[in-house]
2 protein chains.
Amino acid sequence: MPGRTPPEHREPPAYQRIAAELRALILDGTLAPGQRVPSETALRDQHGVSKMTARNALLALREQGLLESRHGKGFFVRSFKPIRRNATKRLSRELWGGGRSMWSVDVENRPMVAVSEEPEEAPAPEAVAQALGVEPGTRVCRRSRVYLVEDVPVMSAVSFLPMEVVANSQILQVDTGPGGIYARLAELGHAPTRFREELRARMASPEESDLLGVGSGSPVIHVVRTAADETGRVVEVNEMVLDASRFIMEYDFTS
Amino acid sequence: MPGRTPPEHREPPAYQRIAAELRALILDGTLAPGQRVPSETALRDQHGVSKMTARNALLALREQGLLESRHGKGFFVRSFKPIRRNATKRLSRELWGGGRSMWSVDVENRPMVAVSEEPEEAPAPEAVAQALGVEPGTRVCRRSRVYLVEDVPVMSAVSFLPMEVVANSQILQVDTGPGGIYARLAELGHAPTRFREELRARMASPEESDLLGVGSGSPVIHVVRTAADETGRVVEVNEMVLDASRFIMEYDFTS
DNA sequence: TAGTGGTCTAGACCACGTT
DNA sequence: ACGTGGTCTAGACCACTAT
């Protein structure tokens with residue numbers, strides 16, 4: 001006879017009870033962000049369950065984004081200090097006067113620094129080629145970079161630009177100079193003025209969770225920004241992958 | 001002596017091998033969306049592992065959003081037929097002429113129908129009160145609804161509107177009439193013209209995965225839309241939770 | 001009744017990180 | 001050496017769905 005706890009009518013499973021208990025401790029602040037939670041063995045002893053059941057409770061919370069695990073160290077309460085990213089800066093002040101926003105915790109914007117790879121000439125992926133209006137496989141300028149906040153990567157971005165536009169410009173250098181890509185595009189007579197951002201949320205792939213340092217099973221935000229100049233010519237396609245737990249995306253617009 | 005497979009130098013765990021195998025079958029279409037994948041016991045026999053290990057492979061894929069499970073029926077390949085939601089309709093045609101978008105698969109927009117609850121007068125939650133510019137706890141009009149596509153819920157939305165604005169209007173009825181809330185607000189002299197959407201992605205809470213019918217561990221998109229009239233007065237705060245696997249969010253804007 | 005997923009046990013060994 | 005998470009076994013029983 002296995003030592004099962006006698007199931008009362010419609011009792012939730014043990015791992016959920018344990019998870020709920022920890023969840024409460026996290027939400028009321030008893031377990032603070034960054035802090036270690038009781039280990040698998042500790043929970044096993046405390047609750048008189050097997051190690052697997054204790055572990056299941058922790059996994060459930062990790063899946064819900066409340067915990068992260070570090071091999072050999074423990075499970076830790078994840079902190080959510082969101083970075084506000086407002087794509088429509090020009091409009092926002094005009095419309096809202098700077099104030100008034102939900103989730104207004106932690107607005108102090110810590111600096112975000114970009115670490116760029118060497119730009120390269122590469123064939124355009126299918127979808128990018130279509131957006132740029134070139135034949136699939138056409139060679140385009142590819143710029144890849146990772147953004148860090150407090151030395152941890154929070155976002156990766158890959159830009160694609162048509163070679164005819166950027167040829168012989170500083171955009172082909174690692175350092176694009178003051179104002180970045182967009183300033184250089186403006187000097188080339190292709191100032192980007194029209195933008196579209198397409199946005200999805202999904203689970204991080206193994207590579208992405210590795211790159212962004214988030215646990216497997218964490219969500220990411222996948223953004224494709226298409227930028228066109230005044231004539232409607234697409235001059236940049238920028239594919240971004242963001243650690244969803246660190247960002248709030250803001251868009252302002254009018255009727 | 002337990003019957004472990006002898007670990008070669010740096011071999012990936014068995015459940016990951018099995019998961020990778022299934023993943024490949026899904027990605028190359030051998031296992032089509034909606035189709036059932038081999039059961040836990042089938043995988044156990046096929047790969048000579050324990051049931052728990054087979055199950056772990058399936059759970060990993062579920063966590064990555066590739067599978068969903070139905071108790072007593074099986075694990076099924078999830079289908080991704082995205083719904084495009086363009087919040088900035090007015091601008092989009094103007095800027096992009098209707099065409100050109102990434103992820104352009106499955107654009108045929110299946111109709112989305114709303115099922116509304118009876119509107120009610122309720123105290124405004126903290127954040128909502130702040131956005132509406134009223135005292136916390138002030139009673140406001142609360143409209144809750146669920147949106148269905150092909151009879152499955154894909155999004156829930158709760159709107160909050162100031163009582164002074166909507167008093168004695170059709171907005172307090174279940175059926176708001178042609179054009180919906182915004183048309184009524186316009187008639188009341190408060191046509192919403194300025195919008196902000198704040199957007200986060202995170203794991204679904206247990207209640208949300210229940211409501212949206214997504215497996216535990218699926219991501220949702222959490223949007224708060226703030227709408228103001230010409231004078232800048234906030235006339236609606238709309239909190240939406242979307243099944244992330246079903247939506248592509250589109251925003252168009254200018255420099 | 002049979003097959004499926006969901007929970008659970010009581011162990012085991014491995015890999016990682018710290019002491 | 002020790003504590004931690006990560007993987008795994010060989011069973012068991014429960015709950016749900018179908019036949």
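The sequence lines fix the lettering, A, B, ..., with proteins before strands; numbering per chain opens at 1.
Protein atom CG of A:Leu67 is 16 Å distant from nucleotide atom P of D:dT4, rounded to whole Å. Protein atom CG of B:Leu59 is 14 Å distant from nucleotide atom P of C:dC8, rounded to whole Å. Atom pair B:Leu58:CG and C:dG3:P shows a separation of 18 Å (rounding to whole Å applied). Between B:Arg17 atom CZ and D:dC8 atom C1' the separation is 13 Å, expressed in whole Å. To the nearest angstrom, C1' of C:dC8 lies 11 Å from OH of A:Tyr15. If you take CZ of B:Phe76 and C1' of D:dA18, they are 12 Å apart, rounded to a whole angstrom. Taking atom CG of A:Asn56 as the reference point, atom C1' of D:dG6 lies 13 Å away to the nearest angstrom. Computed from coordinates, the B:Lys51 NZ to D:dT9 P distance equals 14 Å when rounded to whole Å.
Proximity of a side-chain donor or acceptor of B:Arg23 to a complementary backbone N or O of B:Leu66 within less than 3.5 Å is not detected. Panel note: side chain A:Arg142, backbone A:Ala124; no donor-acceptor pair is recorded below 3.5 Å. In this structure a side-chain-to-backbone donor-acceptor pair under 3.5 Å is present from B:Arg143 to B:Gln173.
For B:Pro13, whose side chain is taken as the heavy atoms from C-beta onward, the closest listed nucleotide among C:dT7, D:dC8, D:dA15 is D:dC8. Of the listed nucleotides (D:dA10, C:dT9, C:dG5), D:dA10 has the atom at the smallest distance from the side chain of B:Ser50. The side chain of B:Gln16 lies closest to D:dT7 when the candidates are D:dC8, D:dA18, D:dT7. When distances are taken from the side chain of B:Arg55 to each of D:dG11, C:dG6, D:dC8, the shortest belongs to C:dG6. Taking every side-chain heavy atom of A:Lys73 into account, C:dT18 is the closest of C:dT18, C:dC8, D:dG6. In the set D:dT17, C:dC8, C:dG6, C:dG6 carries the atom at the smallest distance from any side-chain atom of B:His71.
Closest approach of A:Phe76 to A:Gly34, counting heavy atoms only: CD2-O, 3.5 Å.
We find that B:Glu68 and B:Arg70 are joined by a salt bridge, their nearest charged nitrogen and carboxylate oxygen being less than 4.0 Å apart.
Toward the 5' end of DNA chain D, the nearer of the two residues A:Gly74 and A:Met52, judged by each one's closest nucleotide, is A:Gly74.
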Working for side-chain hydrogen bond (donor to acceptor under 3.5 Å, both in side chains), residues B:Glu239 and B:His222 = CA-CA 7 Å; B:Glu239 191 167 10; B:His222 186 164; 2.9 Å; yes
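Listed in residue order, the members of residues 35-45 of chain A having a heavy atom less than 4.0 Å from DNA chain D are A:Arg36, A:Ser39, A:Glu40, A:Thr41.
For D:dT7, the OP1/OP2 oxygens have no side-chain nitrogen or oxygen of B:Thr53 closer than 4.0 Å.
If you check the side chains of A:Arg145 and A:Ser159, you find a donor sitting under 3.5 Å from an acceptor.
Within the 4.0 angstrom heavy-atom criterion, only backbone atoms of the sugar-phosphate kind lie near A:Arg70; the bases stay farther away.
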